[in-house]
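The block underneath contains the structure these notes are about, expressed in structure tokens.
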Amino acid sequence: MIELETTPEQECFYLNMGPQHPSTHGVLRILLKLDGEYIIYAEPILGYVHRMHEKMAEVKTYRQYLPNMGRLDYLAALSYNHAYVSAVERLTGIAPPLRAEFIRVITVELNRIASHLVWLGAYVLDLGAFTPIMYAFDDREQILDILQRVTGSRLTYCYFRFGGVAQDIDDEFIAATRVFIKRLRSRFSIYEALVTKNPIFVYRSKGIGIISSEMAMAYGATGPVLRGSGIKFDVRRDEPYSIYSLFDFEIPTGSGCDAYDRYLVRVQEMEQSMRIIEQAIEQLPQGPIMLPDIPVEIRPPKGDCYFAVESARGKLGIYLVSDGGPKPYRLKIRAPGFSNLSLFEELARGTLLADAVSILGSLDLVIPEIDR
Amino acid sequence: MKMSILIKELSTLEIEFLRIADYKYEGQHLEVFLEPKQLLSVVQFLKERQFILEDITAIDLTPRMQTVYHFAAIKHGWRITLRIWIDRETPAVPSLSKLIPGANWHERETKDFFGINFLGHPYLSPLLLPDEFSHPLLKKAEEIKAESEIWPVRFCNEVRNDRT
């Protein structure tokens, strides 16, 4: 970091990064004030894919709003499915059958691995390495095939229903998942050689974008961004929901607080997700996947409730207010990426422009989720 | 720290009142009702106890609006909701941005959606919506509900226990 105070105003210039810049992954625009290659000031400008999902919730019935959940975070759509469906269930007082809970956990964790794989490939691509994304997308493709069999779609899933899931998983699904886990474990050595030990990658990420634990907490950062800064917080363990308390898994944390540690945390999380999936498959009970008597037009009683899940990007919360009618009175989505991106302004100050790309990538942003 | 100690300490601060919520049905442990001028001291108290700000939002009700602050403790998973009643005609609350930098964007978003003025905010410009856009989450006259229509028995647990 350089001393910026002495730079005369007239030697600085403004640069727009985005909204079409490849490393902003979507349509994020960042207004940069630069002194040569150094960033004096960076302001993310949002709203290019803003669709006002929260207003849409107020004009649609609870069931009509379900497909919206896949459009927010297109990489981890099932986490949004899970949060919304569970929030409505919590308010209505529905408890889905145990088999449905297991299926939810298995599919959400598969989706989390897929999301982390896309992130890994895209992040390393931002830093100039083209090969890893080919391997990452190859692995992700297997997950999409597995999930497509039960959900019917490959990206914007709408699979969970109030009181269960839309379709049961079969032996073929379980066999394919087992094969996939075995395969991905064998691939980690490839990733290690291609990415983790790649000197260029290490140089571009180690010591870059250091987020102290105080700063992460002050900005409300969650997920791998918070855990990369050494704070062991995972909604799955600390505010247990669904059936996560049944499984044995670790919460990887980093100590370097930099982009490299956030990378390591995500790679280790994939292994933990696989452990959860294995345990869930092992313990998968027989039984119904759907409660029999859920009305088509669901009307939660008056009141409000909050439901948070751990999405691939952090703590995802749905705050729901019901007036007893067929539509939500108010629905607030707490998108993890929103809080994670808000610390970028402070984080980028004084860094090199090329490092800002690395920092931005290490936050794992999905812009439709941030803009909502 | 025990929940009872936290409640005791919170009660010594200037607050309107406090309600112990049913986590199983509401997803929160405590609800604290405040006047706008009491907000900063309560937030400072929560910040010292390692609570993180999850989000800021509002609910449009008649005759008063509500601003809602969600806090969570990363150590023990406790969730606290702060609620402030504000006037619908000239909605304004103190800004938390100086205390918690993460509040900055949440307040800008709430200003976009509800037109609430966050006093003392360093840069309250539109974040998600275009400039000069109307406030989309304000309810129309025929849609707006009174507080009693959402929470018929706000301050006792009878409503919650009805659910089976």
Side-chain angles (χ1 to χ4, degrees), chain A residues 43-47 50 52 54-55 58 86-87 90-94 215-222 226 231-233 235 237-241 300-308 315 317-325 329-330 332-335 338-339 341-343 345-346 370-372, chain B residues 21 23-28 31 47 50-61 66 68 70-79 81 99-106 108-110 112-113 123 126-130 136-137 139 143 145 148-154 159-160 162-164:
Chain A
E43 186 196 353
I45 296 171
L46 309 179
H50 179 61
M52 201 71 233
E54 292 176 18
K55 181 71 191 173
E58 292 175 13
S86 302
R90 174 175 270 176
L91 194 58
T92 321
I94 303 171
M215 182 179 167
M217 279 174 62
Y219 280 92
T222 45
L226 184 69
I231 294 179
K232 217 173 189 161
F233 178 78
V235 185
R237 189 202 61 172
D238 293 293
E239 295 174 27
Y241 59 95
K302 294 174 179 182
D304 62 338
C305 90
Y306 192 94
F307 197 96
K315 187 176 195 174
I318 301 271
Y319 177 59
L320 185 65
V321 181
S322 164
D323 59 355
Y329 186 75
R330 170 88 179 98
K332 158 81 186 166
I333 300 159
R334 189 248 187 234
F338 187 84
S339 296
L341 177 60
S342 70
L343 54 73
E345 192 172 325
E346 190 178 325
I370 294 166
D371 277 3
R372 283 161 289 144
Chain B
Y23 185 79
K24 199 180 158 205
Y25 293 116
E26 296 172 50
Q28 59 188 3
E31 226 177 349
K47 193 187 165 193
Q50 305 240 310
F51 277 81
I52 61 168
L53 177 71
E54 284 180 336
D55 57 60
I56 298 173
T57 186
I59 310 168
D60 193 16
L61 296 160
Q66 255 185 26
V68 184
H70 288 121
F71 282 88
I74 55 168
K75 262 193 191 153
H76 16 61
W78 289 341
R79 298 200 65 264
T81 308
L99 218 52
I100 303 174
N104 188 316
W105 279 21
H106 289 292
R108 281 172 71 186
E109 182 200 293
T110 311
D112 277 3
F113 291 172
Y123 184 57
L127 181 69
L128 294 171
L129 297 178
L137 289 183
K139 298 271 181 188
E143 293 170 344
K145 295 269 161 71
S148 57
E149 287 178 88
I150 308 268
W151 295 282
V153 198
R154 173 76 262 191
V159 182
R160 308 293 180 184
D162 279 349
R163 295 194 193 116
T164 44

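Just the heavy atoms: all of them, side chains too, but no hydrogens, waters or symmetry mates, feed the values below. Letters A, B, ... are given to chains in the order of the sequence lines, protein chains preceding strands, and every chain is numbered from 1. Source: prediction; values computed, not measured.
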Exercise. Please assess B/Glu109 against A/Lys332 for the test side chain to side chain contact (heavy atoms under 4.5 Å, CB included), listing each intermediate value before the final yes or no.
Key: CA-CA 11 Å; B/Glu109 182 200 293; A/Lys332 158 81 186 166; 2.9 Å; yes

Quiz item: Parallel, tilted or perpendicular: which fits the ring planes of A/Phe338 and B/Trp105, with parallel below 30° and perpendicular above 60°?
Solution: perpendicular

Quiz item: If you count heavy-atom pairs under 4.5 Å with chain A, which of B/Glu143, B/Lys47, B/Arg79, B/His106 comes out on top?
Solution: B/Arg79

Quiz item: Quick one: CD on B/Glu54 to OG on A/Ser339, what's the gap to the nearest 0.5 Å?
Solution: 9.0 Å

Exercise. Using a 4.5 Å cut-off on heavy atoms from C-beta on, say whether the side chain of A/Met215 contacts that of B/Pro101.
Key: no

Exercise. Decide side chain to side chain contact (heavy atoms under 4.5 Å, CB included) for B/Leu137 and A/Arg330; before the verdict, give the C-alpha distance in whole Å, the side-chain angles of both, and the deciding distance to 0.1 Å.
Key: CA-CA 9 Å; B/Leu137 289 183; A/Arg330 170 88 179 98; 3.3 Å; yes

Quiz item: With only heavy atoms counted, which part of B/Lys24 is less than 4.5 Å from chain A, the side chain, the backbone, both or neither?
Solution: backbone

Self-check item: A/Tyr306 vs B/Val68, side chain to side chain contact (heavy atoms under 4.5 Å, CB included): CA-CA, chis, key distance, verdict
Solution: CA-CA 12 Å; A/Tyr306 192 94; B/Val68 184; over 6 Å; no

Quiz item: At their closest point, which heavy atom of B/Ile74 faces which heavy atom of A/Ile231, and how far apart are they?
Solution: CD1-CG2, 3.5 Å

Quiz item: Does any heavy atom of chain A fall under 4.5 Å from the side chain of B/Phe71, the backbone, both, or neither of them?
Solution: neither

Practice problem: Anything under 30° is parallel, anything over 60° is perpendicular, the rest tilted; go ahead and classify A/Tyr319 against B/His70. | Solution: perpendicular

Self-check item: Among the listed options A/Ala335, A/Ala308, A/Pro240, A/Pro44, the residue most often paired with chain B at heavy-atom distances under 4.5 Å
Solution: A/Pro44

Quiz item: Checking A/Arg372 against chain B: side chain, backbone, both or neither under 4.5 Å from a heavy atom?
Solution: side chain

Quiz item: From A/Met52 CE over to B/Phe113 CZ, what is the distance, rounded to the nearest 0.5 angstrom?
Solution: 3.5 Å

Quiz item: Short question: side chain of A/Tyr329, backbone of B/Lys145 - any donor-acceptor pair under 3.5 Å?
Solution: yes

Quiz item: Can you tell me how far CG of B/Leu128 sits from CD1 of A/Ile45, rounded to the nearest 0.5 angstrom?
Solution: 12.5 Å

Self-check item: Enclosure of A/Lys55 NZ (heavy-atom neighbours >12, cutoff 6.0 Å)
Solution: yes

Practice problem: With a 4.5 Å cut-off on heavy-atom pairs, point out which of A/Gly220, A/Ser342, A/Ser322 contacts chain B the most. | Solution: A/Ser342

Exercise. Using non-hydrogen atoms and a 4.5 Å limit, figure out which bit of A/Leu341 sits close to chain B: side chain, backbone, both or neither.
Key: both

Self-check item: Contact leader toward chain A among B/Ala72, B/Ala73, B/Ala58, B/Pro130, where contacts are heavy-atom pairs under 4.5 Å
Solution: B/Ala58

Self-check item: Rounded distance (nearest 0.5 Å) linking atom CD of B/Glu31 with atom CG of A/Asp304
Solution: 6.0 Å

Practice problem: Against chain B, label A/Glu58 side chain, backbone, both or neither, depending on which of its atoms sit under 4.5 Å from a heavy atom there. | Solution: side chain

Quiz prompt | A/Leu46 portion near chain B, given a 4.5 angstrom heavy-atom threshold | solution = both

Quiz prompt | Contacting region of B/Ile56 [heavy-atom separation from chain A under 4.5 Å] | solution = backbone

Quiz prompt | Face-on cation placement of A/Arg90 at B/Tyr23 ring, 6.0 Å and 45° thresholds | solution = yes

Practice problem: Among the options B/Thr81, B/Leu127, B/Leu53, B/Asn104, pick out the one with the most heavy-atom pairs lying under 4.5 Å from chain A. | Solution: B/Leu127

Quiz prompt | Pairs of heavy atoms under 4.5 Å with chain A: top-ranked of B/Ile52, B/Thr57, B/Ile100 | solution = B/Thr57

